Protein chains: 2
Amino acid sequence: MAKSPAPYNIHDYDVPLTTVDSVLFTVHDEKLKVLLVQRGNVPFAGKWGLPGGFIEQGADADLEMCAIRKLKEKTGIAPPYIEQLLSQGGANRDPRGWSVTIVFYALVAHVNCEPHIDSVTDVQWREVSSLSAKELAFDHGQIIQLAHERLQQKALYSIVPAYALPNEFTFTELQALHEVIIGTTLEKKSFRRRIEKAKLLIDTGKSTVARGRPAKLYKVKPEGRAYRFVRNLES
Amino acid sequence: MAKSPAPYNIHDYDVPLTTVDSVLFTVHDEKLKVLLVQRGNVPFAGKWGLPGGFIEQGADADLEMCAIRKLKEKTGIAPPYIEQLLSQGGANRDPRGWSVTIVFYALVAHVNCEPHIDSVTDVQWREVSSLSAKELAFDHGQIIQLAHERLQQKALYSIVPAYALPNEFTFTELQALHEVIIGTTLEKKSFRRRIEKAKLLIDTGKSTVARGRPAKLYKVKPEGRAYRFVRNLES
DNA sequence: AGAATAGTGTCTCTTAGACAGTATGAG
DNA sequence: CTCATACTGTCTAAGAGACACTATTCT
C-alpha cells in the first residue's frame, strides 16, 4: 500500500495485466456475426480471439477510446454504437498471471467495413451460433455469449440493434435484424406500432426499389440510442 | 506467470493502475444510503470515497471476490447481493497516472452491519441525495450517481432491491424501499399483484406485531435474484 | 393479371393505474 | 368502540399478439 509522502511508483505494486477487448457484432445473410482476430503473439498464438489489447497511455484518453482505436485498426471505421459490457478478471484466465479485461460490445453495418476486412487475412466475421467456446483464446467464448445475451435484451426493449444496419433502412430490415438477434419471429404490427408511437425514426422520404411494394427508408433519431420501451417484446 | 518462448515481464508494459471499488447501498430511516470510507493515504488523504483498493493476487480469485473482501473488511459481512456496475478508466481520474477502477454495486440490510460500522470512525453511511460530487475522492461522486440510476432501473423491473432488507420482510416494507429508490410513490395493488403473479416470494407463515393489522413476512426465492418483469413500473 | 413485398384495421387479452372497499390487529 | 395498518375487488386504459385485410410496385 502507498506510503504517503514517498513518491509513487507503480512497479512497487503487484498490478494485474489489464487489457481492453471488444465484441463487435454485425448481421449479414440473416446471421448474427462477430469479429474475430487471429492472434500473432503468445499466449494462444494462432488462435482466434476478440479484437483488443493493451491500453496506450499516450494515445487513449479513456477506456472507450482505447476500444474504438483497436476496432478502427481492424475494421477501418469507428463503430456507430459502442457500450461497455463488463470486465472479467481473475488469476487463471491468462497463463501470464492475474489479468483483467474491460470488454465493450459494439455494432456496425456489414457493408461499411466489408472492403477493409476483405483486404486482410487475420480478421474475419464469424457466425455467433457456430462458435464453440473451446476454439477461442482466453475466456472469449464465454464473453461473446454474455455480449449476445445483453444484445438480446436490448433488442427486446430498445432499437439499439438499428446501429448494425446502414444509415438508412426499412422497417422490415430492422425487424428481421431483431429476429436474428433474439432468435424468434416477431409480430409485424406490434413491432411497427411501438416504434412509431415512440417516434424514434426519421422518415427520409426515400424508398427502396425492388420486387414488390417499395419500402420507406428511415434513419434513427439520436434519442433512439438511449430510449427504453416500458414493456419488452415477448421473446 | 508462465513464461512461454519469450519470457513475459509485466513491468515491461505501461500498465495502468487497477483497483476495485464498490457502491454499497442500504436503506435506513426511509433514505437511500451509501457506504463511504475515509481515505488514509494519498491521493485525496482525509477525503471520503468508495470502499475498495488494490487487487491482492494471492487472496482474490476474481474481481467479485476482491470487491467482497474489501466490503467484508469495512462492514463485517459479505453483502447478499453484488453485481458489476462498470469500469471507469482514463488518464486524468487519478493524479498518479492512467488508472482503471472496476466498480461493483451491492445491497445490504442496514441492521446487519450496524454494529460493525458503529465501532469504527473511518466508515459511514451517507444519504445519497445529500452528496455533492465535489466532496468525494476521484470520480466517486459520478460513479455513485451511475450506480443509483442502475438501481432505479432494477427497482422498476425486478425485486433485486429486496436484498437491502433483512431476510424476512413485509410487502409494505418492500414497496417503501422501491419508492425510496425510484423517488416516487407506487400503487400498492399493482406492486403486490405483479410480484404475487411471478411467485417470487416465500410466505414464511409469520407476521409482524405492531399497531394495525399484522403484516405477513416473506423471503425472496433464489430465482428472485435474476427475475425480470416484462413490463416496467412507471417511474 | 399475378406475384411479391409493404403496410393497415381491428379484435382480444393481459396487466398496470386508480381508488374504494374490507379485514385484522392494538389500545 | 376507534384508529391504524394490511390487504382485496374491480373498473378503466394502454398496448402487445394475432391475423386478415389493403396497397403498391415489378414482371
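Predicted, not measured: the structure shown is a model, and the values here were computed from it. Sequence lines set the chain letters: A, B, ... in the order given, protein chains first and strands last, and positions in each chain run from 1. Because only heavy atoms are used, hydrogens play no part in the values below, and waters and symmetry mates are left out as well, while side chains stay in.
With hydrogens and angles left out, the side chain of A:R193 and the base of C:dG7 share no donor-acceptor pair within 3.5 Å. A donor-acceptor contact under 3.5 angstrom links the side-chain atoms of A:K189 to the base of C:dG9. For A:K188 against C:dG7, a side-chain-to-base donor-acceptor contact under 3.5 Å is present.
Whole-Å rounding puts the A:E187 CD to C:dG7 P distance at 16 Å. Taking atom CD on A:Q175 and atom C1' on D:dG17, their separation rounds to 13 Å, with Å as the unit. Atom CZ of B:F229 and atom C1' of C:dT14 are 15 Å apart (whole Å). A straight line from CG of B:L233 to P of C:dA16 spans 8 Å, rounded to a whole angstrom. Regarding A:K216, its NZ atom lies at a distance of 12 Å from the P atom of D:dT25, rounded to whole Å. In this entry the distance linking CG of A:L156 with C1' of D:dA16 reads 13 Å, nearest Å. Atoms CG (A:L186) and P (D:dC19) sit 15 Å apart, rounded to a whole Å. As rounded to whole Å, 19 Å separates atom P of C:dC19 from atom CZ of B:R192.
Listed by residue number, there are no residues of residues 158-168 of chain B with a heavy-atom contact under 4.0 Å to DNA chain D. Taking every heavy atom of residues 198-214 of chain A and every atom of DNA chain D, pairs under 4.0 Å involve A:A210, A:R211, A:G212, A:R213, A:P214, by number.
For the pairing with A:L35, the side chain to side chain contact (heavy atoms under 4.5 Å, CB included) check across A:P51, A:P79, A:S22 returns one residue only, A:P51.
Between the side chains of B:E149 and B:Q153, no donor N or O sits under 3.5 Å from an acceptor N or O.
The CZ atom of A:R69 sits 11.0 Å away from atom NZ of A:K74, with the distance rounded to the nearest 0.5 Å.
Judged purely by atom type and a 3.5 angstrom limit, B:R225 has no side-chain atom pairing as donor or acceptor with the backbone of B:Y163.
Of the candidate nucleotides C:dG17, D:dA16, C:dA6, C:dG17 has the atom lying nearest to any side-chain atom of B:S190. Distance from the side chain of A:E196 is smallest for C:dT8 among the nucleotides C:dT8, D:dC7, C:dG17.
Contact annotation: the side chain of A:K154 approaches that of A:E83 to within less than 4.5 Å [non-hydrogen atoms, C-beta and beyond]. Residues A:L32 and A:L151 are in side-chain contact: their nearest non-hydrogen atoms beyond the backbone lie under 4.5 Å apart. Within the 4.5 Å cutoff, the side chain of B:K70 has no heavy atoms near those of the B:F104 side chain. Between B:L107 and B:T26, the closest side-chain pair of non-hydrogen atoms is not below 4.5 Å.
When the side-chain nitrogen and oxygen atoms of A:R194 are compared with OP1 and OP2 of D:dA16, one or more of them lie within a distance under 4.0 Å.
Contact record, B:Q88 with A:L63: C-CD1, 3.6 Å, taken as the closest heavy-atom pair.
DNA chain D is contacted by both B:F171 and A:F191; B:F171 maps to the nucleotide lying nearer its 5′ end (nearest heavy atom per residue). Mapping B:R231 and A:Y218 onto DNA chain C via the closest heavy atom, the residue that lands nearer the 5' end is A:Y218.
The cationic atom of B:R150 (NZ for Lys, CZ for Arg) does not lie both less than 6.0 Å from the six-membered ring centre of B:Y105 and within 45° of the ring axis.
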